Amino acid sequence: MTQTDREQMRAYFDDYASAEWDRLERDISGRVSLEVHRQFLRRFVQAGDRVLEIGAGPGRFTQELIELGATIAVTDFSPIQLELNRQRHADSPSVESWEILDVCDTSKYSDGEFDAVVVYGGPLSYVFEDVDEALKGLFRIVRPGGVVVASVMSLLGTWRHLREEALMMPEIFGDEANDAILRTGDLRFIGGPHICQMYRATEVTRLVDRCGGEVLAMSASNWASLEKQDSLVSLETNPERWKRFLEHEVEFCGEPGALDGGTHLLFAARSVSVN
Ligand SMILES: C[S@@+](CC[C@H](N)C(=O)[O-])C[C@H]1O[C@@H](n2cnc3c(N)ncnc32)[C@H](O)[C@@H]1O
């Protein structure tokens, strides 16, 4: 990843500012995604854990980690996102610090210093060929038996979900660029303000293996709630039925056949070299 790409993404998230908070609230699929990420986190973070949160943004999951009873070191590489997080959670004794951090450089932390590292919402998708070094660094700073919990962008699910726009890409950018994106998941082939690496589930498993880890669990986000959201509007107003729907959705998102079906792919992994 070039320094220019890095600066471009930092500027993107500085500009995005508080819109990031709304991403997981403004429509049904966002609210389901929030629930899927939340439930996944609850499986791997316990009360009393010391957690490093990377790319925390304004703090949707900082809030969740506080509620889980963790102590959190909050970080982001965007000063604006970090400041929004600080403003929201300044009163919480559970947040021990707010610091600028690039997921590619965790060298300032000691081996095994955290019980868990949380990297939700794609920081690992924004570092392209530096992802191996980044993930190895995360495995180094979790204690033996500790976990890295992350989400990255999904290639197949995003392609299906954004099919109308995706089908226009050959027209706009040419067939070569379109084929290259579908082959590699790398959005730099067309450029634009939001460039990222999209993954297949098998590629996430290979990434974790290469970095000396093992995947403990994976999940799509989302499965049945990305398309035809109108049909879910009345369901969401019925608390009992909505609760049941979410339970089914969260469970189905974890099925092997569903993993590539969402816009995001969640994974929890631990290092096998130190466990
Ligand atoms: C889509 S937001 C997700 C925010 C939050 N984790 C969530 O899931 O709601 C991605 C965040 O990752 C941060 N980010 C992107 N690239 C990063 C990098 N290389 N290192 C650290 N943070 C990064 C951005 O500044 C932004 O706040």
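Computed from a predicted structure; not experimentally measured. Numbering of ligands and ligand atoms starts at 1, following listing order.
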Atom 19 (N) of ligand 1 - nearest protein heavy atom and its distance: D102 OD1, 3.2 Å
For ligand 1, which atoms, with element, lie under 4.0 Å from some heavy atom of V127? 19 (N)
Check: of Y12, F77, Y16, min heavy-atom distance to atom 16 (N) of ligand 1 comes from F77
Would you mind telling me if ligand 1 is within reach of the side chain of L101, the backbone, both or neither, using heavy atoms under 4.0 Å? backbone
among protein heavy atoms, the one nearest atom 20 (N) of ligand 1 is V103 N, 3.0 Å
So for Y126 against ligand 1, with non-hydrogen atoms under 4.0 Å, the contacting part is side chain
Closer than 3.5 angstrom, by distance alone: can the side chain of E133 be matched with the main-chain N or O of C104 as a donor-acceptor pair? no
Looking at S78, is its backbone amide N or carbonyl O close enough to the side chain of R10 to form a donor-acceptor pair, meaning the two atoms are under 3.5 Å apart? no
Tell me: protein heavy atom nearest atom 3 (C) of ligand 1, and distance? E20 OE2, 3.3 Å
Part of F13 with heavy atoms under 4.0 Å of ligand 1, whether side chain, backbone, both or neither: side chain
Do you know which of V208, V272, V147 makes side-chain contact (heavy atoms from CB on, under 4.5 Å) with F139? V208
State yes or no: are the ring centers of Y199 and H264 separated by less than 6.0 Å? no
Does D102 use its side chain to pair, donor to acceptor, with the backbone of F77 at less than 3.5 Å? no
So which heavy atom in the protein is nearest atom 11 (C) of ligand 1, and how far is it from that ligand atom? G55 O, 3.5 Å
Look only at the side chain of T75 and the backbone of E99, and say whether a donor-acceptor pair between them is shorter than 3.5 Å. no
Could you check which of R23, H264, R60 puts a non-hydrogen atom nearest to atom 7 (C) of ligand 1? R23
Ligand 1 versus M9: contacting region, heavy-atom distance under 4.0 Å: neither
Please collect all ring pair (Phe, Tyr, Trp, His ring centres under 6.0 Å) contacts where either partner lies in residues 146-184, sequence neighbours excluded, each pair once. none
Close-contact set for ligand 1 against S78 heavy atoms, below 4.0 Å: 25 (O)
Just to be sure I read this right, does ligand 1 sit under 4.0 Å from the backbone of A56, its side chain, both, or neither, counting only heavy atoms? backbone
Using modelled atom types and a 3.5 Å cut-off, is there a donor and acceptor pairing between side-chain atoms of E96 and backbone atoms of I72? no
Kindly say whether S234 contributes a backbone atom to a donor-acceptor pair with the side chain of R241 at under 3.5 angstrom? no
Between the main-chain N or O of P58 and the side-chain N or O of E20, is there a donor-acceptor pair closer than 3.5 Å? no
With heavy atoms of G121 as the reference, note each atom of ligand 1 found under 4.0 Å away. 1 (C), 2 (S), 3 (C), 8 (O), 10 (C)
So which heavy atom in the protein is nearest atom 27 (O) of ligand 1, and how far is it from that ligand atom? D76 OD2, 2.6 Å
Using the salt bridge (charged side-chain N to carboxylate O under 4.0 Å, His left out) rule, take D115 and R50 through it: C-alpha gap first, then chi angles, then the decisive distance, then the call. CA-CA 5 Å; D115 297 297; R50 182 164 180 250; over 6 Å; no
Any nitrogen or oxygen of P58, main chain or side chain, under 3.5 Å from a nitrogen or oxygen of ligand 1? no
I need the atoms of ligand 1 closer than 4.0 Å to a non-hydrogen atom of F61, numbered in the order shown. 7 (C), 8 (O), 9 (O)
Counting heavy atoms only, which part of R10 comes closer than 4.0 Å to ligand 1: side chain, backbone, both or neither? neither
